[in-house]
There are 2 protein chains.
Amino acid sequence: MGAGVVEKTLDLDGFDRKIINILSGEGRISVTELARRIGLSKSPTQARLKRLEESGVIRGYRALYDPILLGRDHVAFVEVKLSDTREAALAAFNKAVVVIPEVEQCHLIAGAFDYLLKVRTDGMIGYRAVLAEKISTLPHVSHTSTYVAMQAVKEDGVGGNGGGGT
Amino acid sequence: MGAGVVEKTLDLDGFDRKIINILSGEGRISVTELARRIGLSKSPTQARLKRLEESGVIRGYRALYDPILLGRDHVAFVEVKLSDTREAALAAFNKAVVVIPEVEQCHLIAGAFDYLLKVRTDGMIGYRAVLAEKISTLPHVSHTSTYVAMQAVKEDGVGGNGGGGT
DNA sequence: TATGAAATAATCCTACT
DNA sequence: AGTAGGATTATTTCATA
C-alpha cells in the first residue's frame, strides 16, 4: 500500500484458497479435519499449511472473544487531524499510536491527511480517559472528532488485551 | 449494546485472563503448551478452555492473513446516511449489510443515525463496483461518503473471504 | 507432489490428592 | 479444584511410488 511494489507472485491454487477460507472461520481445526474438507490427504495438506504460514500469507491465529461478556463493548471512531503532515510527523504519529492497546485500528485517510482510529474501551468513562490522556497527546494532533458506536452490526471478535489487565 | 442488560456475571480469575491473553496472540497453540505457560497442569487448563468456549467468551478461532499478499489491500470507510431511521428501517439495513462479504465492519453511529462501514476490496475498481452495486442499493440509503485508506497503520489480519472465490 | 505407515506428541478420561 | 497417569487420537517424519 503506497511505496514499494511488493512481490505478489505466490501461486495459490484452489486447495490453498480452500485452506484459507476454512481457516478464516475455524482457525483451530486439526490438519486431519482440514485435509478431509479440502479433499486431500494429510501430508500435502500439512505441507501446504506450512508453506502458507512460512510465506507470510497466514500471519498467525487468534481467538475471537465476545466484547460484551468481557465488558469491552464500547466502540468509538475518532477522526484525528494533524497540524503537520510531513513524512516525519506521520512517522512519529504512527509509531506512537500503534502501542496504545485501546486503539484497535488506525488508518491514514486520503484527501485530508487525517487518521481514522477505532477505539475500544469498557465504557464512556474509559473512553474519555483514553482520549484525553493518550490520543490527544499523540504527536502533532491538532483536533479530534469522536463518533460513538451504538451498535456493532457487523464485526469480528475482539482481541484479548487493551486495558483489561494482565 | 444499548437495550437489554446482559448477564456479565461470569467470574474470570487470573488463569482465565492469562488464557484469553495468550490465545488472542497465538490461537493455535496446544493445550499442553497453554498449560505450561499459565502454570497449571493439563486437565484444569483444558477444563477452563472448554468453559470459556461454551460460555461464549471465546466465540471461535481465526487465521490472520496478509492483505497485501492476498491482493486485498484496498480499504475504504463509508459513511452512510439513511432516509428513514425508524426501527424497521434500521433492521432492514442491518440484515442486508451483514451478508455483503466486502463489508468487514458495520457500526451504527450515535448522533446522526448514520452507519460507518469498513469495506475491503482488491482495488479501487473493485471498490467502485461494491459501492455502486451493493452499498448504494441497501435499504433506505440516501447518501454515502467514502474515505479511502492510504495506509493501514494498525490493523488485525484479514478474513479469508470477501470476493475472492471458493 | 501425493500416499501410506511408523514414531512422537497431543488430547481425553478416570482416579487420586 | 488441581495433579497424575493411562488410553485414544492426532500430528509429524520418513519411505515409497
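Naming convention: chains lettered A, B, ... in sequence-line order (proteins, then strands); numbering from 1 in each chain. This is a predicted model, so every value here is computed, not measured.
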Checklist entry - So which pairs with a foot in residues 83-106 of chain B pass ring-ring contact (aromatic ring centres under 6.0 Å, His included), sequence neighbours left out? => result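 Those involving residues 83-106 of chain B are F93(B)-Y115(B).
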
Checklist entry - For residues 123-153 of chain A, which residue pairs qualify under ring-ring contact (aromatic ring centres under 6.0 Å, His included), counting only residues two or more places apart or in two chains? => result H74(A)-Y127(A)

Protein-nucleotides 15-17 of chain C N/O pairs under 3.5 Å:
none

Next on the checklist: I'd like to check the salt bridge (charged side-chain N to carboxylate O under 4.0 Å, His left out) partners of E79(B); sequence neighbours left out, ordered by chain and number.
Outcome noted: K81(B)

Next on the checklist: Working note: R48(B) + E53(B), criterion salt bridge (charged side-chain N to carboxylate O under 4.0 Å, His left out); need CA distance, chi angles, decisive distance, verdict.
Outcome noted: CA-CA 9 Å; R48(B) 282 167 182 274; E53(B) 288 171 349; over 6 Å; no

Item to check | Non-hydrogen atoms of V97(A) and C106(A) that approach each other most closely | outcome: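 V97(A) and C106(A) have their closest heavy atoms at CG1-SG, 3.8 Å.
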
Polar atom pairs (N or O), protein with nucleotides 10-14 of chain C, under 3.5 Å:
{"residue": "dT11(C)", "atom": "OP1", "partner": "V31(B)", "partner atom": "N", "Å": "2.4"}
{"residue": "dT11(C)", "atom": "OP2", "partner": "V31(B)", "partner atom": "N", "Å": "3.1"}
{"residue": "dT11(C)", "atom": "OP2", "partner": "T32(B)", "partner atom": "N", "Å": "2.8"}
{"residue": "dT11(C)", "atom": "OP2", "partner": "T32(B)", "partner atom": "OG1", "Å": "2.8"}
{"residue": "dC12(C)", "atom": "OP2", "partner": "Q46(B)", "partner atom": "OE1", "Å": "3.4"}
{"residue": "dC12(C)", "atom": "OP2", "partner": "Q46(B)", "partner atom": "NE2", "Å": "2.7"}
{"residue": "dC13(C)", "atom": "N4", "partner": "S43(B)", "partner atom": "OG", "Å": "3.3"}

Checklist entry - When you list every nucleotide of DNA chain D with an atom under 4.0 Å from a heavy atom of chain B, which one comes first 5' to 3', and which comes last? => result dG2(D) to dA4(D)

Checklist entry - Mind checking whether V99(B) and L117(B) sit in one hydrophobic cluster, side chains of I, L, V, M, F, W, Y counted as touching below 4.5 Å? => result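 Result: yes, single cluster for both.
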
Checklist entry - Any link between L64(A) and Y65(B) through a network of hydrophobic side chains (Ile, Leu, Val, Met, Phe, Trp, Tyr) touching at under 4.5 Å? => result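 Each belongs to a different hydrophobic cluster.
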
Next on the checklist: With side chain to side chain contact (heavy atoms under 4.5 Å, CB included) as the test, pick out the partner of S136(B) among V80(B), V78(B), V130(B), L131(B).
Outcome noted: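 It is L131(B); the other options fail the test.
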
Checklist entry - To the nearest Å, how far apart are R51(A) CZ and dT1(C) C1'? => result 12 Å

Next on the checklist: Under a 4.0 Å threshold between the charged nitrogen and the carboxylate oxygen, would E155(B) count as salt-bridged to R120(B)?
Outcome noted: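 Salt bridge between R120(B) and E155(B), a charged N being under 4.0 Å from a carboxylate O: yes.
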
Next on the checklist: Strictly below 4.0 Å, N to O, side chains only: are D156(A) and K118(A) in salt-bridge contact?
Outcome noted: no

Checklist entry - Does R48(A) have a side-chain nitrogen or oxygen under 4.0 Å from the phosphate oxygens OP1 or OP2 of dT1(C)? => result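 Answer no for this pair, as no side-chain N or O of R48(A) is under 4.0 Å from OP1 or OP2.
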
